[in-house]
Amino acid sequence: MSWVSKGFLWISLCSFSFVLAIIIYVIFYFWMIPPTFYRMPMFFDFSSPYPVAVVSLPWKKFRYMNQLDGSLHLCFRESPRNMHIGMLKFTLEIWDNNDTIVYSRFRPTVLRYKDDLETKMETLTLFVFSLFGWTKRQQCQDLILLEYKETSDGFLRRCKDDLTVKVWINKADVEVYQSELLLKTRLRGIRHNMKHYKWTFSWICITSIWFWLFSVLFGCTLYLIG
Amino acid sequence: MSWVSKGFLWISLCSFSFVLAIIIYVIFYFWMIPPTFYRMPMFFDFSSPYPVAVVSLPWKKFRYMNQLDGSLHLCFRESPRNMHIGMLKFTLEIWDNNDTIVYSRFRPTVLRYKDDLETKMETLTLFVFSLFGWTKRQQCQDLILLEYKETSDGFLRRCKDDLTVKVWINKADVEVYQSELLLKTRLRGIRHNMKHYKWTFSWICITSIWFWLFSVLFGCTLYLIG
Amino acid sequence: MSWVSKGFLWISLCSFSFVLAIIIYVIFYFWMIPPTFYRMPMFFDFSSPYPVAVVSLPWKKFRYMNQLDGSLHLCFRESPRNMHIGMLKFTLEIWDNNDTIVYSRFRPTVLRYKDDLETKMETLTLFVFSLFGWTKRQQCQDLILLEYKETSDGFLRRCKDDLTVKVWINKADVEVYQSELLLKTRLRGIRHNMKHYKWTFSWICITSIWFWLFSVLFGCTLYLIG
């Protein structure tokens with residue numbers, strides 16, 4: 001073989017094994033890393049004196065998780081009743097399967113006050129949009145009820161059962177358009193490193209797979225063409 | 001026979017059996033696949049403290065069904081009483097024939113708030129339409145009370161009796177222009193495939209019916225014309 | 001007789017027997033088919049806490065009937081009391097002669113909401129008409145309280161006695177200008193076919209009566225003129 005065909009063979013093997021290594025790594029990555037962000041709608045039972053919303057957090061979902069971070073996204077109705085209801089208290093509790101509370105935090109909040117004139121001027125300004133149903137009079141808030149630093153000591157690693165998240169409101173008169181629990185989780189062990197130091201990890205892995213693949217393919221080729 | 005008449009015979013048999021195969025498949029399809037969408041008007045009994053509407057779901061209807069998905073379509077009257085009634089709670093219960101609850105979900109909802117100025121401006125804008133009765137002051141909502149993912153494990157397959165759907169409201173003062181339960185069902189087994197992979201399935205079936213018909217017709221023709 | 005007079009005789013006999021056949025069939029039709037649409041004014045007794053209106057449905061009227069379909073036509077007074085009365089419930093009950101309920105359905109309803117400004121503008125717009133008494137402020141509704149599909153299994157065929165229709169309202173404060181019960185009935189057996197397949201049936205009957213009449217008349221004429 002001439003040096004041209006040798007060089008061509010070398011380059012093609014090189015690039016082929018590089019592409020293959022990237023594909024293998026991407027498949028491996030998405031197989032290893034479960035989704036770490038969840039949106040869960042919270043449906044409060046406003047017929048009880050302390051409205052409560054319950055969502056379950058099955059073990060299957062947080063199997064590889066270490067820590068939780070989450071906030072409650074609430075859209076309050078901008079009605080006079082809500083405006084004058086005063087301080088609200090949102091309590092998040094995480095319950096075990098054995099009916100014990102493993103985590104509990106509360107956050108106080110209140111709606112931003114708007115006096116009568118401001119409301120009227122806002123109505124006049126936004127009238128065209130609200131006529132077609134594009135806007136509605138609401139105030140959205142994000143209450144951070146779960147923090148990494150408060151759940152840092154291997155909070156989820158010790159749990160081997162399903163968990164239940166309960167959120168309480170202290171006043172039943174409050175009017176809420178919609179509420180969602182946004183959960184972010186931090187993985188544990190090698191998965192955390194794979195996700196957090198994404199570029200470093202992927203560079204190391206892809207390079208090693210590439211070299212291994214190239215050596216195997218090159219050896220096979222040499223053996224075949226004699 | 002000349003090759004012209006032979007070709008003509010071949011083409012006419014071919015097209016005739018193709019059209020016949022399509023007709024046979026269409027008849028077969030509509031015989032196999034029952035309707036999967038139902039609109040059921042809900043009549044709430046507002047004379048009781050917890051208004052309830054009941055519709056029956058006979059076994060005959062969901063015989064070939066696997067899962068249910070449904071929403072309650074409600075049109076609220078935009079009256080001051082409704083506007084200030086606060087949070088409403090709609091509970092859907094599916095009752096067995098043996099008076100046991102097999103499914104139960106609730107959803108909270110509230111009317112979109114409009115202050116006095118907005119209402120008046122809307123009245124002025126839409127006056128001509130409301131004078132002739134083309135619009136009425138209402139707010140329509142869709143409450144998703146049955147979800148595929150919550151009824152996924154062969155929810156309807158295990159039931160062998162008639163079911164009853166009950167919807168409760170927690171406040172009797174609410175004013176509702178009209179309410180409907182919109183039910184979508186997912187078929188099971190071969191019917192689900194026939195409906196879901198419509199084009200693939202029909203292509204395979206029509207082709208096989210076509211070939212079978214053509215061979216039968218062609219054989220008969222050859223036998224008859226000797 | 002010349003062929004001219006023969007032809008004239010033939011044509012005149014033919015047309016005479018045709019007209020006679022039509023007249024006979026029309027008389028027969030209206031003798032067979034009783035009226036199937038009834039308007040019954042309902043007079044509610046508003047002095048009782050649950051206003052009720054009673055109409056009797058004598059056996060003579062539904063002798064040949066199979067099913068019932070009916071709606072309650074109500075014209076509400078557009079007064080503030082009616083506007084704020086909330087949800088109304090109209091219950092229709094069909095009572096046997098033995099004081100047992102054979103059918104019972106209810107429908108909730110509510111008046112269309114109009115706010116103060118809309119009412120005022122409507123008054124101004126329609127003032128000339130209302131001054132001369134041509135219009136009155138009312139809201140008319142049709143409540144479907146009897147349906148064919150709910151009374152399909154030979155509902156009236158099994159009854160051999162007089163029936164009584166009672167309509168209840170759950171609130172005595174409601175103000176109603178007028179109310180009517182509109183009943184449509186479906187006949188049974190041969191009468192249903194005569195009414196439903198009117199043209200087919202009449203064509204067959206008229207043709208056969210015509211031929212019979214013509215042959216009788218022609219035979220008589222031949223015998224008379226010798």
Side-chain angles (χ1 to χ4, degrees), chain A residues 40-56 58 74-85 88 111 114-139 167 169 171-180, chain B residues 49-52 71-72 76 78 80-92 104-127 129-130 135 137-147 149-150 152-153 168-174:
Chain A
M40 292 164 168
M42 304 294 279
F43 301 113
F44 288 94
D45 182 0
F46 286 95
S47 67
S48 71
Y50 295 94
V52 62
V54 181
V55 288
S56 69
L74 285 153
C75 287
F76 291 103
R77 195 181 184 222
E78 210 170 52
S79 62
R81 197 199 283 186
N82 257 2
M83 206 51 97
H84 298 294
I85 206 170
L88 298 165
L111 266 79
K114 288 177 183 173
D115 61 2
D116 209 44
L117 181 62
E118 194 179 340
T119 311
K120 270 180 188 156
M121 286 172 75
E122 219 176 279
T123 304
L124 288 172
T125 316
L126 300 174
F127 177 65
V128 177
F129 300 97
S130 62
L131 185 67
F132 291 104
W134 295 336
T135 56
K136 54 182 174 179
R137 311 297 301 262
Q138 61 180 11
Q139 289 190 16
V167 178
I169 314 177
K171 283 173 187 172
D173 288 339
V174 67
E175 291 161 334
V176 175
Y177 277 133
Q178 60 160 326
S179 55
E180 272 182 329
Chain B
Y50 296 95
V52 62
S71 61
L72 189 69
F76 292 103
E78 210 169 54
R81 197 198 283 185
N82 257 2
M83 205 50 97
H84 297 294
I85 204 170
M87 296 302 293
L88 298 165
K89 178 191 173 189
F90 287 85
T91 314
L92 182 140
S104 171
R105 284 294 174 278
F106 74 88
R107 291 288 177 269
T109 191
V110 70
L111 266 79
R112 194 179 135 184
Y113 183 70
K114 287 177 183 174
D115 61 2
D116 209 43
L117 181 63
E118 197 178 336
T119 311
K120 272 181 187 153
M121 286 173 74
E122 220 176 278
T123 304
L124 289 172
T125 317
L126 301 173
F127 177 66
F129 300 98
S130 61
T135 56
R137 312 296 302 261
Q138 62 178 11
Q139 289 190 15
C140 291
Q141 295 189 352
D142 273 299
L143 297 179
I144 297 166
L145 279 162
L146 276 160
E147 277 177 285
K149 68 175 189 286
E150 285 175 343
S152 62
D153 54 337
W168 298 83
I169 315 177
N170 70 329
K171 283 173 188 173
D173 288 340
V174 67

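Here is how names work: the chains are called A, B, and so on, in the same order as the sequence lines, proteins then strands, and each is numbered from 1. Note that the structure is a prediction, hence the values are computed from the model and not measured.
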Those residues at least two apart in sequence (or on a different chain) that pass side chain to side chain contact (heavy atoms under 4.5 Å, CB included) with B/T91 are B/K89, B/E93, B/S104, B/F106, B/W168
Does A/L126 have any side chain to side chain contact (heavy atoms under 4.5 Å, CB included) partners at least two apart in sequence or in another chain, and if so, which?
A/E122, A/F129
If we count only N and O atoms by modelled type, under 3.5 Å, do the side chains of B/D115 and A/T119 hold a donor and an acceptor together?
no
Would the number of heavy atoms belonging to other residues, nucleotides or ligands and lying under 6.0 Å from CG of A/L131 be above 12?
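For A/L131, atom CG is crowded (more than 12 foreign heavy atoms under 6.0 Å).
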Taking salt bridge (charged side-chain N to carboxylate O under 4.0 Å, His left out) as the test, write out the residues that go with A/D173, two or more places apart.
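So A/D173 forms no salt bridge (charged side-chain N to carboxylate O under 4.0 Å, His left out) with any residue.
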Can you tell me which of A/R137, A/K136, A/E175, A/R77 forms the most heavy-atom pairs within a distance under 4.5 Å of chain B?
A/R77
Looking at A/R81, A/K120, A/Q138, which has the largest count of heavy-atom pairs under 4.5 Å with chain B?
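Of the options given, most contacts go to A/R81.
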Of the backbone (N, CA, C, O) and the side chain (C-beta and beyond), which part of B/L111 lies under 4.5 Å from a heavy atom of chain A, both, or neither?
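B/L111 touches chain A through backbone and side-chain heavy atoms alike.
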B/T109 versus chain A, the contacting section by heavy-atom distance below 4.5 Å:
neither
Chain B contacts: which residues in residues 42-50 of chain A have a non-hydrogen atom closer than 4.5 Å to it?
A/F43, A/F44, A/D45, A/F46, A/S47
Give the C-alpha distance, both sets of side-chain angles, the deciding distance and a yes or no for side-chain contact (heavy atoms from CB on, under 4.5 Å) between B/M83 and A/S79.
CA-CA 9 Å; B/M83 205 50 97; A/S79 62; over 6 Å; no
Checking side-chain contact (heavy atoms from CB on, under 4.5 Å) for the pair B/R105/B/L146: CA distance, chi angles, key distance, verdict?
CA-CA 8 Å; B/R105 284 294 174 278; B/L146 276 160; over 6 Å; no
Most chain A-contacting option - heavy-atom pairs closer than 4.5 Å, from B/M121, B/K114, B/H84
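Top option by heavy-atom pairs under 4.5 Å: B/M121.
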I need the A/C75 SG to A/E180 CD distance, nearest 0.5 Å.
8.5 Å
